[in-house]
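As structure tokens, the structure follows; a few thoughts come after it.
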Amino acid sequence: MAASQRIPEWRKLPLSLTELCIDTTLRCGQSFRWRNINDEWHCVLQGRLISLKQDPSHLHYKVTWPSKPAAIAPLTPPLSLNSKCPTPTTKEMESENDDTASLLHSYFALSYSLAALYKQWAASDANFARRALAFTGIRILNQDAWETLVAFICSSNNNISRISQMVHKLCIHYGPYVGTVDGEAFHDFPQPEALAGSQVETHLRELGFGYRAKYIAETARIVSAERPAGWLLKLRNPRCPALGVAPEQVKKEESKDDIEPPSYRAAHEALLQLAGVGPKVADCVCLMGLGFGEAVPIDTHVWQIAQRDYNLGKGVKSKTFSKALYDTVGDHFRKIWGQQAGWAQSVLFTANLKSFAEQASGLKTDRSDTDAAVVKVEETQLILTASAPGARTGKRKTVATKVAAKHELEDDSDQTTETKISTRRTSKRIKVKP
DNA sequence: CGTCCTCCTCGCCG
DNA sequence: ACGGCGAGGAGGA
């Protein structure tokens with residue numbers, strides 16, 4: 001079973017479980033490629049296979065570089081690894097030049113103190129304090145922008161399980177092979193060019209992508225052919241510490257005042273031009289792929305919670321969730337939670353849907369003989385993605401809620417009590433806003 | 001700006 | 001046993 005690759009060494013970063021819990025963070029619906037095999041998490045990031053495991057004081061990681069340097073595979077250097085990175089030899093990358101530690105630091109946004117953020121959110125929002133403080137270690141990942149974009153195009157009308165399958169298919173069929181763990185192949189995520197071919201839409205339809213096949217192929221074509229190189233990366237938040245020292249473009253823009261630096265609003269609008277990207281998908285990409293912590297993705301599930309726990313939407317007539325309303329709800333949360341509102345929302349919704357970690361991970365290996373209700377809870381955990389199946393029919397909702405309540409505190413009685421904060425203002429704004 | 005339909009899949013219901 | 005229905009995000013009329 002030991003592959004032909006060199007046997008990599010485990011290394012570790014000091015990190016408490018309250019600052020990062022990978023079991024929660026890696027399967028809460030923001031990333032779709034991590035696979036748990038034998039209690040270790042594995043994923044290809046930037047051309048290398050990364051394995052993770054965790055104990056209360058450390059995050060342990062292992063790096064496996066591809067044995068065959070992917071000569072054809074396009075480089076994937078979101079950061080400024082220019083001439084350095086093409087086909088690194090195994091030996092090279094395992095020694096001093098290995099940038100995996102900094103990659104993980106960036107990927108998990110470790111420059112933020114989660115304790116400090118939780119404290120801030122709890123101080124400004126009693127509802128957050130009550131529901132979310134027990135759910136530590138939940139982080140917004142700083143993922144590759146292109147991958148995030150495609151993954152969340154796949155997320156429309158979809159659930160985590162199927163999104164993961166679709167992303168996996170994209171990697172298998174279009175991404176470079178990197179390594180194997182316990183007989184399972186790992187590929188990197190394909191570059192836009194690889195998904196821009198003329199046969200891609202048809203092929204993806206055959207693979208079960210449904211109408212999203214068209215969106216992916218079209219967006220890949222736009223990004224690879226109709227946008228300048230590095231277009232997506234230039235939308236990233238230059239002030240996001242997790243992104244580190246930004247590429248040269250940012251420096252240019254800093255010196256030239258006539259070019260406006262990337263902003264959340266600008267990035268959001270730019271993403272809306274792509275196929276299959278609406279406000280929610282755009283916000284997912286802004287938050288998880290571009291480093292804009294203030295982006296708050298709002299789906300119907302979030303909207304329901306917002307109405308229930310934050311008394312939003314009181315004066316809203318329209319039954320459909322318009323763009324204007326979408327923006328208003330986001331503004332409201334940004335007002336409450338501040339600069340990392342999207343992160344706060346993720347934590348809150350993970351807390352809301354409680355359950356998971358132990359229960360779900362213990363049962364998820366075999367879904368077939370698992371109580372259906374538990375599976376539902378598992379799928380409902382997605383925070384920012386996909387559908388919330390539990391909210392579908394009355395019956396399912398009841399079942400899911402029951403199961404969830406079993407796991408943790410139940411809290412259906414007095415939500416309205418504490419949600420005052422800026423309720424009035426909000427309802428007013430919703431009414432007033434055109 | 002709101003409405004309504006389509007896309008597609010899945011799970012629930014009858 | 002199977003067909004209808006509806007939920008979910010985006011797009012288009």
Spacing of [X] atom [atom1] relative to [N] atom [atom2], expressed in whole Å:
X: Q304(A); N: dA7(C); atom1: CD; atom2: C1'; value: 10 Å
X: I216(A); N: dA10(C); atom1: CD1; atom2: C1'; value: 13 Å
X: E201(A); N: dC7(B); atom1: CD; atom2: P; value: 14 Å
X: L272(A); N: dG12(C); atom1: CG; atom2: P; value: 13 Å
X: L204(A); N: dC8(B); atom1: CG; atom2: P; value: 13 Å
X: I153(A); N: dC8(B); atom1: CD1; atom2: C1'; value: 16 Å
X: Y326(A); N: dG9(C); atom1: OH; atom2: P; value: 10 Å
X: N159(A); N: dA7(C); atom1: CG; atom2: P; value: 16 Å

[X] side chain, from C-beta outward: closest of [options]:
X: S322(A); options: dC7(B), dC10(B), dG2(B); answer: dG2(B)
X: T300(A); options: dC7(B), dA10(C), dG8(C); answer: dG8(C)
X: Y215(A); options: dA10(C), dG8(C), dC8(B); answer: dA10(C)

N/O (side chain, R212(A)) to phosphate O (OP1/OP2, dA10(C)) under 4.0 Å: no

Check: Q345(A) side chain, P297(A) main-chain N or O, donor-acceptor pair, under 3.5 Å: yes

K280(A) with D283(A): basic N within carboxylate O range, under 4.0 Å: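 Here K280(A) does not pair with D283(A) in a salt bridge, since their nearest N and O are not under 4.0 Å apart.
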
Salt-bridge present (R205(A), E201(A); N to O < 4.0 Å): yes

Y112(A) six-ring face occupied by R139(A) cation (under 6.0 Å, within 45°): no

Touch class at under 4.0 angstrom, heavy-atom based, for L274(A) against every strand present: sugar-phosphate

